[in-house]
Amino acid sequence: MAGAIAALASCATEPQSDIDKKVDDLLSQMTLREKVGQMNQLSGGAWLAETAAKGEVGSILNCVDPAELNAVQKAAVEESRLGIPILISRDVIHGFRTIFPIPLGQAATFDPAIVEKGARVAAVEATASGIRWTFSPMLDIARDPRWGRVAEGAGEDPYLDVQMGVAMVKGYQGDDLSDPTSMAACIKHFVGYGAAEGGRDYNSTMISERSLRNTYFPAFKATAEAGAATLMTSFNEIDGIPSTGNKWLLKNILRDEWGWDGMVVTDWNSAGEMIAHGFSRDLKHTAEQAVNAGVDMDMMSYGFIQYVEELVAEGKISEKEIDRAVRNILKLKFELGLFENPYIDESASAKVDYAPKHLEAAKQCAIESAILLQNKRNVLPLDKARTILVTGPLADAPYEQMGTWAFDGQKEHTVTPLAALREEYDVIWEPGLKYSRDKDTKDFAKVRNAAARADAAVVFVGEEAILSGEAHSLSNLNLQGAQSELIAEVAKAGKPVVVVVMAGRPLTIERDLANCDAMLYSFHPGTMGGPALADLIKGKAVPSGKLPMTFLRDAGQAPFYYNHNNGGRPCNGTETLLEDIPIAAGQTSLGCTSYYLDSGYGPLFPFGYGLSYSSFEYGRPVIENAELERDGTIRVSFDLKNTGRYEATEVAQLYVQDKVGSVVRPVKELKGFQRVTLAPGESKTVTFELPVSDLAFWNIDMEYVVEPGDFRLWIAGDSASGEPVDFIVK
Ligand code: BGC
């Protein structure tokens, strides 16, 4: 693949590449109208053929019917003056037909290899239906589970975000964009969209430049360097400037600083929405601001196609800006080989959709993404039970378990937990509730009676797919409807109770944990969620997932993330809680630390947390050299022992703290992880090698440097465990 940055580098030092020559040649033949046509992206199918024949559309989204796509493509290629093919796009977010776990669930695997495989499967299936461009991966750091779109990204941590984002880009794009199974990736939403105030979608954000650079940019920069072909601007404004009109972001950072030369598209009408922001006077003004800021293609505002020619005539946009945009668009079309192979074989998708190896990969990903949060008395796995009660609104909900943004997954192909558990057990099936928001408890007596007849009960609760994703923020994160009451009802039978949560976000499940023995959190696990969960419940597979976001006791704690800065009065364990305060208490400062009177300080579960059916013992980390130069490498080893009865995989995590900085540094930052598989009783020495340069950050002078001084590191199974080990950078 012509990596975007590599391509730029070669332009600067070598003669123009063949593609650059072809682009220039084509560009020189184009009228301004034809150029603006390339910058226009529309939603639709065959009915856009006439527009395509006039050369007034460069890309379409949201059609997946190969015959319709071929019809539009034919109009563009055979009827338009220059025959420029259309770039066909779609939101292929976590699978096309074979749906993988939602991206947040994929992040819980801490396994970039399985995530890359998932993206490859998605690309193979989507390209067989003619899709050559996906609007994925979403790289938005998300620290507030009220925001419905936490489902679409890797969660709260920049390092994990980088690993997951790069894996997806590699999987989608393959080795060479011109391969017919390659799909251009689109890194989105640039930038800060996940920091929406209060977790309310589309809301404003206030993010400092330093925080953008330290926290929100890294995954964009890393995926840009990995060759991501396109980037999408975000809906939000930062400090008053909507991203789609933000020249500093789109030119200074993306082009000048990072040297990226891919193609920039707006989000859906995000140019037009600059009017609602109060940043643009009218649609014409939005086009002027967006193009001049550095946008190449307009998704669905119609502003470019209506006004850009006028704006050029008035001297408000230079033709140079237009040529820049069109060059980026044409270059991608050449790289994808669209000029040579514009059409789709209409019978191709039938051969690849839901291929057995795709289903196998989706199942493996779902197994790895499930997180065991509680397992009292080791009730899981249910390897001895014969008769089990299966209940709850998510047990047999083939559509809901696919989660948000699963447009093309067909529920007929989904295997539910109910179906899969019937292969393993004598199942008594009592749904209890019809859907996750159902409040009707009339069937609860039946459920309780059934529980009494079973050896154990498995309750599938969570969220319907529509409750998370875009425009689906929530202020209350408890289980909806009467789901918590259902769990409590089942518990009354006195049998082992396993709760499985399938949801698009971290929910507040503290009271539900009290009413069950074991809890598996699977997020929305996709097409093969049923067989994956059945294997975990039966003990044919062992959980290894780890939380990609902090789990809260109460929604009022949000935003809450492990890698925060300390205030001047950090929590010190002396907190006074509501019930400790006497009536008519006089004014007092209650220990003066940073916490809530009702929910205390800590989260319910920290980032990185997740149990296994086995258990692991971490030896103390030993640093090879505790005094390092700035160009050195930290080598740290520890012994990991499987002290349980199952062969199992542990995700060992390396965290570092820069104790004193020219600006306040996070209390901990993830800097590495390894999945380690051990047989029962087996022990292994595991080594992390961390270049000291990975400790760099944007300091007081807004320079990216490693500041010498005292550091500490932890190696543990989650972000709240482990004994610190000190080291010095000279
Ligand atoms: C979303 C994007 C998506 C686009 C196209 C927008 O509403 O924010 O993430 O790619 O629609 O469907």
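Note that ligands are numbered from 1 as they come in the structure, with each ligand's atoms numbered from 1 the same way.
With hydrogens left out, the protein atom closest to atom 8 (O) of ligand 1 is D267 OD2, 2.6 Å, a heavy atom.
A 4.5 Å side-chain heavy-atom check between L311 and K284 finds at least one atom pair inside the cut-off. For the pair E470/D201, a side-chain contact is recorded, criterion being any heavy-atom separation below 4.5 Å from C-beta on.
Every atom of ligand 1 with a heavy atom of K188 under 4.0 Å away is listed here by number and element: 2 (C), 3 (C), 9 (O), 10 (O). Residue F235 has at least one heavy-atom neighbour below 4.0 Å for each of these atoms of ligand 1: 6 (C), 7 (O), 8 (O). Near F135, meaning under 4.0 Å from any of its heavy atoms, are these atoms of ligand 1: 10 (O).
A donor-acceptor pair under 3.5 Å is absent between the side-chain atoms of N328 and the main chain of M263, judged by distance alone. Using a distance-only test at 3.5 Å, with no hydrogens or angles considered, no donor-acceptor pair links the side chain of T205 to the main chain of A196.
The closest approach between a heavy atom of Y193 and any atom of ligand 1 is not below 4.0 Å. Ligand 1 is approached by H189 to a heavy-atom distance shorter than 4.0 Å. Residue R149 places a heavy atom less than 4.0 Å from ligand 1.
Inspection of the H524 and E400 side chains reveals no N or O donor paired with an N or O acceptor under 3.5 Å.
Using a 4.0 Å cut-off between heavy atoms, E470 contacts ligand 1 through its side chain alone, with no backbone atom that close. Contacts with ligand 1 closer than 4.0 Å are made by side-chain heavy atoms of M232 only, the backbone lying farther away. Counting heavy atoms closer than 4.0 Å to ligand 1, residue M300 contributes nothing at all.
Between D296 and R324, at least one side-chain N (NZ, or NE/NH1/NH2) sits under 4.0 Å from a carboxylate O, which counts as a salt bridge. A salt bridge links D91 to K188: at least one charged side-chain nitrogen sits closer than 4.0 Å to a carboxylate oxygen.
In this structure, R97 forms no cation-pi arrangement with Y354, as its terminal cationic atom is not both closer than 6.0 Å to the ring centre and no more than 45° off the ring axis.
For the residues L61, T266, I93, D91, the heavy atom positioned nearest atom 10 (O) of ligand 1 is part of D91.
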